[in-house]
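One structure below.
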Amino acid sequence: MNTQTLDDLKFVSEVRKQMDENQLMLSYRGEMSQEIVMALLNLTENKLNQTSFDTSIKTRVFGVMVECLQNITKHSDKGSHERSNVFMIGFSDQGYMIYSGNVIRTEKVDELRNKITRINTMTEEELKDFYKYWIKNEALSGKSGAGLGLIHIARKTGNPLEFDFEQVDNDHYFFSLRTLVDH
Amino acid sequence: MKVINIPATEDTPKVVLDHENKIFEISGRSLPEDVVVFYQPVMEWLDNFENTPIPNMELAIKLEYFNTASSKLILDILLKLEEIYQDGTPLKVIWYFLSSDTDMKEAGEEYSEIVGLPFEITEY
């Protein structure tokens, strides 16, 4: 065994430290399919069921996860970055912090940014009306955008959707989203 | 009219539409990848029901969780029932929620505000 190998292994401990610092209970990076969505949900649900929080809190965490993860299966770029999806969930004094990230095409950035910015300025009542309008009037095409899921997340958490776009290359940006479910 | 009896899976609900035994129920979780495909047989069954309606159907909706994509399909089902009801066939929807789950109660209340048909919201 040489020391080089051991130095290389330091990242394991580094990742653990990073996860501890951010109070993460689950961290995933890779492809996203319905099977993986269900596996991540089952893992988190087992942890949630060990807590004594109300069913509503558990359902909200579950709901935010479903919408974040299914947005990724539906809208992330399926090209060379299909394994670049990220999902993390942390637990702190404030509540459950849910993080997701995926690569999207550059031309979709403005639309998504505008949508989230608009949702973040809406009151609870406006979000409710918007949600009702949406399920009544918008076509349910997989390509109609991540609107309904994002509205649902904003409504159920009552907190702003925090987001960021980081350029990956000319054609792609990495979209990160963070939401807090209070407990 | 054929009987629909779809057992629940981890991401799809149990669906029973059985006019012979008068059991009409959608229960469990609804978060399939493709909601349109999953609910297709239900919509087809409702089209048949519209042509040969049976009075006093009571549809029990007892969902633990549904994703936003399913919320649109649930509305489509309710709107179809509204149409049948308004054409003169008495029917009722009973929306069940777990007593500790206020969000599911609210979801039922929102649907009852959107559709015009007898809509009962009951805790279990």
Side-chain angles (χ1 to χ4, degrees), chain A residues 32-42 45 48 52-74 124-125 127-142 144-158 181, chain B residues 8-13 28-40 42-43 61-83 95-117 119 123-124:
Chain A
M32 200 65 80
S33 62
Q34 178 74 358
E35 288 69 30
I36 290 166
V37 169
M38 292 314 297
L40 293 170
L41 286 170
N42 288 337
E45 203 179 16
L48 288 174
S52 55
F53 294 118
D54 285 353
T55 312
S56 277
I57 307 270
K58 292 175 187 170
T59 312
R60 274 174 212 165
V61 172
F62 192 84
V64 173
M65 282 184 68
V66 170
E67 300 306 327
C68 288
L69 295 170
Q70 291 190 329
N71 271 345
I72 295 177
T73 61
K74 285 179 192 142
E124 203 181 324
E125 204 55 33
L127 283 169
K128 181 180 169 176
D129 290 344
F130 195 28
Y131 180 83
K132 281 205 220 163
Y133 170 82
W134 198 296
I135 57 169
K136 269 163 84 175
N137 298 299
E138 298 288 319
L140 192 79
S141 106
S144 70
L148 199 54
L150 293 170
I151 294 166
H152 178 83
I153 295 170
R155 286 192 69 195
K156 292 302 168 192
T157 64
V181 178
Chain B
T9 69
E10 64 172 359
D11 59 359
T12 56
R29 291 178 170 191
S30 182
L31 54 142
E33 188 171 24
D34 193 333
V35 283
V36 176
V37 168
F38 179 77
Y39 284 100
Q40 183 69 30
V42 179
M43 298 315 291
I61 303 181
K62 201 173 187 176
L63 291 169
E64 254 174 74
Y65 179 77
F66 57 92
N67 63 356
T68 53
S70 299
S71 66
K72 171 69 181 162
L73 264 294
I74 294 165
L75 182 64
D76 286 346
I77 292 169
L78 296 174
L79 289 173
K80 184 57 130 179
L81 290 174
E82 177 187 50
E83 210 177 294
W95 181 275
Y96 289 92
F97 68 94
L98 202 63
S99 56
S100 55
D101 192 353
T102 49
D103 287 18
M104 196 50 81
K105 184 185 178 195
E106 278 169 28
E109 288 165 354
E110 280 172 23
Y111 280 123
S112 73
E113 289 164 21
I114 299 175
V115 293
L117 81 175
F119 199 104
E123 71 172 64
Y124 69 96

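Letters A, B, ... mirror the listed sequences (proteins, then strands); counts begin at 1. Since we're looking at a predicted model, the values are computed, not measured.
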| remark: Looking only at B/L98, B/I114, B/I74, most heavy-atom pairs under 4.5 Å shared with chain A are made by B/I114
| query | Which answer fits B/L31, side chain, backbone, both or neither, if we ask what part of it has an atom under 4.5 Å from a heavy atom of chain A? | reply | both
| Looking only at heavy atoms, which two atoms of B/L75 and A/I135 are closest? And how far apart? | CD2-O, 3.6 Å
| query | Do A/F62 and B/R29 come close enough that some side-chain heavy atom pair is under 4.5 Å? | reply | yes
| request: Check each atom of A/K58 against the heavy atoms of chain B and say whether the ones under 4.5 Å are side chain, backbone, both or neither. | output: neither
| Nearest-0.5 Å distance, CG of residue A/L148 to NZ of residue B/K72 | 9.5 Å
| Given A/K128, which of B/E109, B/E113, B/E106 fulfils the salt bridge (charged side-chain N to carboxylate O under 4.0 Å, His left out) condition? | B/E113
| Crowded around B/K105 NZ? As in, over 12 foreign heavy atoms under 6.0 Å? | no
| note | If one checks every heavy atom of A/E45 against chain B at 4.5 Å, the contacting part turns out to be side chain
| request: Output yes when a side-chain donor or acceptor of B/E110 lies under 3.5 Å from a complementary backbone atom of A/K132, and no otherwise. | output: no
| Donor-acceptor contact below 3.5 Å, side chain A/S56 vs main chain B/T102 | yes
| Heavy-atom side-chain proximity of B/Y65 to A/V66 below 4.5 angstrom | yes
| query | Should B/E10 and A/N42 count as side-chain neighbours, where that means a heavy-atom distance under 4.5 Å? | reply | yes
| field | Distance, nearest 0.5 Å, that separates CG of B/D103 from NE2 of A/H152 | value | 7.5 Å
| said: Taking the side chain as everything from C-beta on, heavy atoms only, tell me whether B/F97 gets closer than 4.5 Å to A/T55. | reply: no
| message | Among residues at least two apart in sequence or on other chains, which ones pass side chain to side chain donor-acceptor pair (under 3.5 Å) with A/Q70? | response | A/Q34, B/N67
| Residue part contacting chain B, namely of A/L41, when any heavy atom lies under 4.5 Å | side chain
